[in-house]
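Proteins get letters first, then strands, A, B, ... in listed order; numbering begins at 1 in each. Since we're looking at a predicted model, the values are computed, not measured. FYI, side chains are in, hydrogens and waters are out, and symmetry mates aren't considered; it's all heavy atoms of this structure.
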Amino acid sequence: MIPEDKLLILKFKLGSKDALGQIFEKYKNDLLKLAVALAGDVHCAEDVVQDVFVSFVRSAARIGLRGSLKSYLITSVVNRIRNLKRDLQRHETLSIDGRDCIANDLERPEQWAILSEELKLLSKAMAQIPYEQREVIALYMQGDMTFRQIANVQNASIKTIQGRYRYGLDKLRSKLNSTVRK
Amino acid sequence: MKPADNIEEFFRNASISTNPKADETILDRLIMVREEAIDTKPAFTKPNIWRILMNGVKNRKVKVAIAVIVLVVFLGLVPFNGTTAFGRIADEVTTTMARLKAMVLGEELGETEHVERQIDKTVTIRTKSSVYSSPDISSLEDFLSKRNIGFVPEGSGNAKYAVICPDEVAALQEFLQSSEGFNIVAASTVLAYAGQEAMIKIVDTAGAGTGAAISAVQDENSRLKLDFAFHNGQDGCDISEIELARGEALLISGIRIGQNASSDELMTVLVLPEVTQN
């Protein structure tokens, strides 16, 4: 864990509200962007990231000082979105075109995340590629994970992960191209 | 460049920001969740610096070193004598652990602070003193005393004044901006209340007449009023009254001290109302 994060975690475990605020400020944007890329829906993403932080706060006592804080939070986001996807499939509420969450453009007054036009475009395109490929791309590009780490997360071989990344990128490219042409 | 031309760069540049009000709401909620989590847990499971330090360290030699350091700190802070009762030792240990915790958090533990036996109740380990109702500006007073800037008891009322020479103002401003806990406000009409975050009100009276100075301080409820008097009838400053809470500070720049001071000798005056007990 990077030294700054170690100190923040220590202060947080000792009850420092400032440390909690700093952790929140430091990681909220990255986690939101990852969640938007994975979920394809800003409202889902907001709920997931909030739940991740709440869970983090509640389990402060169990967090060790040796692991990476960013990896811990990213893994939490990934797990929650996977659970969400599983629940959606179980209740058969798939949206049109087989996407798990409809990429939602509607903005609410109390909306937390403010997406740039590029990110809106990206999340719509990401929502149209298979979830495993989406996850590899998002974890590699936004989560700054290596293929080896992603292989551990997806419980697959590195070659499989590399393949998912390559094919996912091709599909993403064609989706973005077709969006731009429109 | 089309987005598909360089997907990786497009991905990295696709930005996100957040609504600041929503940030605040969510963070408040997280703090509440944290406090609920601490309050509902039994004492032995609550955050304990000793356990955190020991469990976070694998190397046996490092653990021993930490234990030695804590022992040295303990021995350094607790004066032993042969008649020390067990209860006093327990209190001293509690105080020492609280000091250690405060050191880790980078906070100062006031001497008048009442440290509870359960030191993991973190709300008591703050410099917000239980004796005074106003915020703590002792760090500002320390800063001034280290630079040999003395206070002049002046005027009628509970305040002390320090005259800051022009070549010391920059250092003072840097200190105020870099110190945590000071909320610098550059308006003359802001009211403040005891217990608010430490506030430094900055008033620039450049252009005021010669000999502008604070003439009187009155105590009114929990606020103090400072009345300005401008000599020589020239009043370039429209501030006649400022209210401060106890313990707040007022920084007034552009003041000529004394009627005969030259126009180049514009001083900055720091006013610290006396902090009194409730």
**Request:** Enter the distance from B:Ile16:CD1 to A:Glu118:CD here, rounded to the nearest 0.5 Å.
**Result:** 12.5 Å
**Asked** Does any non-hydrogen side-chain atom of A:Lys28 lie less than 4.5 Å from one of B:Ile26?
**Response** no
**Message:** Counting only heavy atoms from other residues, nucleotides and ligands, does the tally under 6.0 Å from CG of B:Asp28 exceed 12?
**Reply:** yes
**Message:** Does any backbone or side-chain atom of A:Ala37 lie under 4.5 Å from a heavy atom of chain B? Answer side chain, backbone, both or neither.
**Reply:** side chain
**Request:** Measure the shortest side-chain to side-chain distance between A:Glu25 and B:Leu27 over non-hydrogen atoms and say whether it is less than 4.5 angstrom.
**Result:** no
**Message:** Rounded at 0.5 Å granularity, tell me how far CZ in A:Phe24 sits from CG in B:Leu30.
**Reply:** 6.0 Å
**Prompt:** What closest approach, in Å, do A:Gln50 and B:Arg29 show between heavy atoms, and which atom pair accounts for it?
**Reply:** OE1-NH1, 3.5 Å
**Complete:** Rounding to 0.5 Å, atoms CG (A:Leu115) and OG1 (B:Thr18) come to a distance of 11.5 Å
**Fill in**
One should read off an interatomic distance between B:Ser15 OG and A:Glu117 CD, to the nearest 0.5 angstrom, of 10.0 Å
**Prompt:** Is the closest side-chain heavy-atom distance between A:Arg58 and B:Val33 below 4.5 Å?
**Reply:** yes
**Prompt:** Should A:Lys17 and B:Arg34 count as side-chain neighbours, where that means a heavy-atom distance under 4.5 Å?
**Reply:** no
**Message:** Please report the interatomic distance CE(A:Met126) to CZ(B:Phe11), rounded to the nearest 0.5 Å.
**Reply:** 4.5 Å
**Fill in**
dist B:Ile7:CD1 -> A:Leu176:CG (nearest 0.5 Å) comes out at 5.0 Å
**OH/A:Tyr167: more than 12 non-hydrogen atoms of other groups inside 6.0 Å** = no
**Sub-4.5 Å side-chain heavy-atom contact between A:Trp112 and B:Thr25** = no
